[in-house]
Amino acid sequence: MASSSMITFAAALCLVAASAVAVPPATLQETCQSAGEQEALCVQLLSSSPAAQKMPVDTPGLAQAAVMAAGSNATETAAHLQRLFDSEDLKNMSPELQRCVEDCAERYQSAAKFLGQASEKMTAGSFDEASVLIDGAQSVVTLCQRSCEGVPQGELTACTKGVDQLCTIAASVTRLVVQK
């Protein structure tokens, strides 16, 4: 009797362990559900990636594509802010907005570096480290947004929002890879 109860217990334990294993998403739509509010943007962003054409989708490939898009956007935003900082228009801005532009130009350069490093880590298969770097990039973006609260920003708001959204997508897809 003791041996049959041990076998039953072992079988139940195996079933519980098997059910705890994360099942990778099979489709792009399922993958992008992890991005929450950014689900539609995720699908739009990643639908042209070769990783999305596979069945099941190549989640690591999608994570890489999302990080590269976020990094490219952060680089473009940093360059835009630097041009704005270097322009004559800066003199016509309030001192608060000038500080905001200067601060954010530096922060977005840092975010772009973090995302570039995250992409390198992904290429090396280190998705845990990449996840930390993506979170770091998003934190830098958040610091920019907080440092500019209360300052009329106009186009600056649109720039920073886009990078933040892309970082959210990159972070969520990368977490799926890490959970496997």
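In what follows, every heavy atom counts, from backbone to side chain, and hydrogens, waters and symmetry copies are set aside.
Counting non-hydrogen atoms of other residues, nucleotides and ligands closer than 6.0 Å to CE of Met93 gives a total above 12. Environment of CD in Gln53: crowded, with over 12 heavy atoms of neighbouring residues, nucleotides or ligands closer than 6.0 Å.
Atom NZ in Lys113 sits 8.5 Å away from atom CD in Gln117 (nearest 0.5 Å). The OG1 atom of Thr75 sits 11.0 Å away from atom CE of Met68, with the distance rounded to the nearest 0.5 Å. Note that CD of Glu96 and CG of Asp103 are 13.5 Å apart. Values are rounded to the nearest 0.5 Å. Expressed to the nearest 0.5 Å, how far CD of Gln29 lies from OG of Ser47 amounts to 10.5 Å. Atom SG of Cys148 and atom CG of Leu143 lie 10.5 Å apart (nearest 0.5 Å). Here the straight-line distance linking atom CZ of Arg107 with atom CD of Glu102 works out to 11.0 Å at 0.5 Å rounding.
Between Cys144 and Cys104, the gamma sulfurs sit within a distance below 2.5 angstrom.
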Check against side-chain contact (heavy atoms from CB on, under 4.5 Å), Ile134 and Leu115:
CA-CA 6 Å; Ile134 295 164; Leu115 292 164; 4.3 Å; yes
Quick one, Met55 with Thr27, criterion side-chain contact (heavy atoms from CB on, under 4.5 Å). Give me CA distance, side-chain angles, the key distance, then yes/no.
CA-CA 7 Å; Met55 196 51 86; Thr27 66; 4.1 Å; yes
Take Met122 and Phe127 through the side-chain contact (heavy atoms from CB on, under 4.5 Å) test and state the conclusion after the steps.
CA-CA 5 Å; Met122 286 180 173; Phe127 285 86; 3.5 Å; yes
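Tracing side-chain contacts under 4.5 Å through hydrophobic residues (I, L, V, M, F, W, Y), one reaches Leu166 starting from Leu62; they form part of the same cluster. Transitive grouping of hydrophobic side chains (ILVMFWY, heavy atoms separated by less than 4.5 Å) brings Leu133 and Val140 into a common cluster. Cluster annotation: Val178 and Val67 are assigned to the same hydrophobic cluster (Ile/Leu/Val/Met/Phe/Trp/Tyr, side-chain heavy-atom contacts under 4.5 Å, transitive). Phe114 is not connected to Val132 by any chain of hydrophobic side-chain contacts under 4.5 Å among Ile, Leu, Val, Met, Phe, Trp and Tyr, and they are in different clusters.
Counting only distance, with no hydrogens or angles, the side chain of Gln33 and the backbone of Glu39 share no donor-acceptor pair below 3.5 Å. Panel note: side chain Ser131, backbone Asp128; no donor-acceptor pair is recorded below 3.5 Å. A donor-acceptor pair under 3.5 Å is absent between the side-chain atoms of Ser72 and the main chain of Ala69, judged by distance alone.
You'll find the side chain of Arg99 reaches within 4.5 Å of the side chain of Pro95, heavy atoms only. You'll find the side chain of Arg175 reaches within 4.5 Å of the side chain of Asp135, heavy atoms only.
Annotation for Ala112 and Gly71: closest pair CB-O, 4.3 Å, computed over non-hydrogen atoms. Between Gln82 and Ala105, the shortest heavy-atom distance links the atoms OE1-CB, 3.9 Å. Closest of all the heavy-atom pairs between Ala170 and Thr174 is O-OG1, 2.7 Å. Here the shortest heavy-atom pairing between Thr31 and Leu176 reads O-CD1, 3.7 Å. Annotation for Cys42 and Val173: closest pair SG-CG2, 4.4 Å, computed over non-hydrogen atoms. Of all non-hydrogen atoms in Leu45 and Ser48, the two that sit nearest each other are O-OG, 4.2 Å.
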